[in-house]
Amino acid sequence: MSAEAEAGGGGGGGGEVNGVQPNVTIYINNLNEKIKLEELKKSLNAVFSQFGKILEVLAFKTLKHKGQAWVVFEDVASATKALKGMQDFPFYDKPMKIQYAKTKSDVVAKADGTFVPRERRKRNDEKPEKKQKREQHHDVSQGGLGMNAYPGTYGAPPLSQLPFGAGPRVMMPEIIVPNSILFVQNLPHDTTAMVLQMFFCQYQGFKEVRTIEAKPGIAFVEYGDEGQATAAMNALQGFKIKETPMLVTYAKK
DNA sequence: AGCACA
């Protein structure tokens with residue numbers, strides 16, 4: 001009988017990468033080591049949640065684990081899309097290198113019932129104490145099981161659906177005045193400027209992203225001229241960082 | 001370069 005090497009099932013299909021079998025968890029290295037862990041994890045979450053529901057993002061600051069992270073998805077299909085879609089993606093100025101994780105993540109093993117406490121397998125068993133802390137997985141409730149946006153390549157994300165009626169009420173159509181500054185709305189409230197920059201800087205003429213702490217969910221992105229701003233707007237219109245498509249318009253002058 | 005679960 002053949003043991004399923006897949007950690008977590010899900011039936012994603014697809015072959016091994018670098019001799020590692022598909023896993024719900026991806027292993028990322030070549031990450032920028034200057035980024036603080038908390039920010040790194042938030043940004044990874046922001047950048048990867050477009051591929052499916054994320055159960056956990058792990059990164060450590062120890063010497064042996066600098067520049068590396070694990071992103072645990074709910075299913076293998078999401079992990080595979082993430083691996084393929086974000087391979088070499090410039091993240092804090094360094095191309096991400098992504099593989100499937102070699103072993104099953106604890107969070108998955110716990111859900112599985114196959115979890116073995118770490119004292120058993122860690123060679124560094126300096127703490128034989130067993131602490132039992134309750135764990136709550138209060139994940140952001142998002143319909144991650146349905147269709148998730150798979151943008152394919154980042155050079156040309158799809159203009160899948162333009163969220164014209166995205167707000168609670170549709171405003172009167174305004175006269176559109178092109179501007180080299182874009183106004184971005186409907187962002188997840190924890191979206192950082194760094195994360196936005198990673199998307200918007202891919203287009204010609206990118207200058208900067210500005211977020212406003214007091215106003216989460218929106219941002220301004222400036223380009224060298226209106227034509228460049230327009231190209232970026234068309235490319236990223238409706239792009240989903242999480243489940244809600246972003247709305248990109250010209251900023252008011 | 002480096003596959004963990006602070």
Side-chain angles (χ1 to χ4, degrees), chain A residues 3-10 12-49 51-140 142 144 190 198:
Chain A
E4 294 280 344
E6 276 189 3
E16 72 215 42
V17 172
N18 291 334
V20 183
Q21 287 299 127
N23 193 307
V24 293
T25 303
I26 54 172
Y27 167 75
I28 307 159
N29 65 1
N30 197 43
L31 293 169
N32 189 326
E33 297 176 12
K34 286 174 290 190
I35 310 305
K36 293 192 294 290
L37 278 193
E38 206 177 310
E39 178 183 344
L40 181 75
K41 292 204 271 183
K42 270 178 55 182
S43 297
L44 286 168
N45 194 90
V47 143
F48 279 106
S49 58
F51 300 101
K53 179 155 179 185
I54 292 172
L55 302 182
E56 196 173 20
V57 176
L58 293 153
F60 310 91
K61 58 167 174 271
T62 55
L63 288 305
K64 196 180 169 195
H65 300 116
K66 279 191 305 182
Q68 299 155 78
W70 289 259
V71 177
V72 187
F73 286 95
E74 191 171 51
D75 52 60
V76 176
S78 301
T80 299
K81 287 187 285 187
L83 186 149
K84 293 182 175 160
M86 297 299 272
Q87 192 65 265
D88 295 314
F89 182 85
F91 189 72
Y92 294 107
D93 302 319
K94 300 189 68 181
M96 287 197 259
K97 298 297 175 187
I98 312 175
Q99 300 165 60
Y100 292 113
K102 285 180 180 162
T103 59
K104 187 186 288 186
S105 297
D106 281 1
V107 66
V108 176
K110 283 170 183 169
D112 240 21
T114 60
F115 178 67
V116 178
R118 74 167 186 277
E119 295 92 33
R120 272 279 304 265
R121 49 185 170 174
K122 199 173 180 182
R123 56 187 177 187
N124 189 6
D125 54 347
E126 53 191 287
K127 285 182 182 175
E129 69 174 279
K130 50 184 169 185
K131 46 182 161 183
Q132 189 173 7
K133 57 181 170 182
R134 54 175 194 152
E135 29 182 306
Q136 300 174 316
H137 302 284
H138 42 70
D139 295 305
V140 184
Q142 51 183 12
D190 57 1
M198 287 174 218

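Below, all heavy atoms of this structure are taken into account, side chains as well, without hydrogens, waters or symmetry copies. As the structure is a computational prediction, the values presented were derived from the model and not from experiment. By convention in this document, chain letters (A, B, ...) are assigned in the order of the sequence lines, proteins followed by strands, and residues within each chain are numbered from 1.
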**Q** NZ of A:K66 versus P of B:dC3: gap in Å, rounded?
**A** 15 Å
**Q** Rounding to an integer number of Å, can you tell me how far A:L63 CG sits from B:dC3 P?
**A** 14 Å
**Q** Starting at the 5' end of DNA chain B and moving along, which residue's nearest nucleotide shows up first, A:Q68 or A:F60?
**A** A:Q68
**Q** For A:A59 and for A:W70, find the nucleotide of DNA chain B with the closest heavy atom, then tell me which residue's nucleotide is more 5'.
**A** A:W70
**Q** Nearest whole Å is fine: how far is B:dC5 P from A:I26 CD1?
**A** 18 Å
**Q** Can you sort out which residues in residues 35-42 of chain A have a heavy atom within less than 4.0 Å of DNA chain B? Ascending by number, please.
**A** none
**Q** I need the CD-C1' distance between A:Q99 and B:dA1, as an integer number of Å.
**A** 11 Å
**Q** In terms of heavy-atom contacts, does NZ of A:K94 have more than 12 from other residues, nucleotides or ligands at under 6.0 Å?
**A** yes
**Q** In terms of ring plane angle, is the pair A:W70 and A:Y27 parallel, tilted or perpendicular, where the classes change at 30° and 60°?
**A** tilted
**Q** Tell me the interatomic distance from A:D106, atom CG, to B:dC3, atom C1', rounded to whole angstroms.
**A** 12 Å
**Q** Any side-chain N or O of A:K64 under 4.0 Å from OP1/OP2 of B:dC3?
**A** no
**Q** Can you find a side chain N or O atom of A:H65 that sits less than 4.0 Å from OP1 or OP2 on B:dG2?
**A** no
**Q** How many Å lie between OH on A:Y27 and C1' on B:dA4, as a whole number?
**A** 10 Å
**Q** Under 3.5 Å, side chain of A:N23 to main-chain N/O of A:T25, donor-acceptor pair present?
**A** yes
**Q** Residues two or more places apart in sequence or in another chain: which of them pass side chain to side chain contact (heavy atoms under 4.5 Å, CB included) with A:A111?
**A** none
**Q** Expressed as a whole number of angstroms, how long is the span from A:M96:CE to B:dG2:P?
**A** 19 Å
**Q** Could you state the CG-C1' distance from A:L31 to B:dA4, rounded to the nearest angstrom?
**A** 14 Å
**Q** Mind checking the CZ-CZ spacing from A:F89 to A:F48? Nearest 0.5 Å is all I need.
**A** 9.0 Å
**Q** Please name all residues satisfying side chain to side chain contact (heavy atoms under 4.5 Å, CB included) with A:I35, sequence neighbours left out, ordered by chain then number.
**A** A:N32, A:E39, A:L40, A:Y92
**Q** Please state whether the base of B:dA4 and the side chain of A:T62 form at least one donor-acceptor pair under 3.5 Å?
**A** no
**Q** For A:Y100 and A:Q21, test the side chains for any donor-to-acceptor distance below 3.5 angstrom and give the result as yes or no.
**A** no
**Q** Taking only the side-chain heavy atoms of A:N29 (C-beta and beyond), determine which of B:dA4, B:dG2, B:dA6 contains the nearest atom.
**A** B:dG2
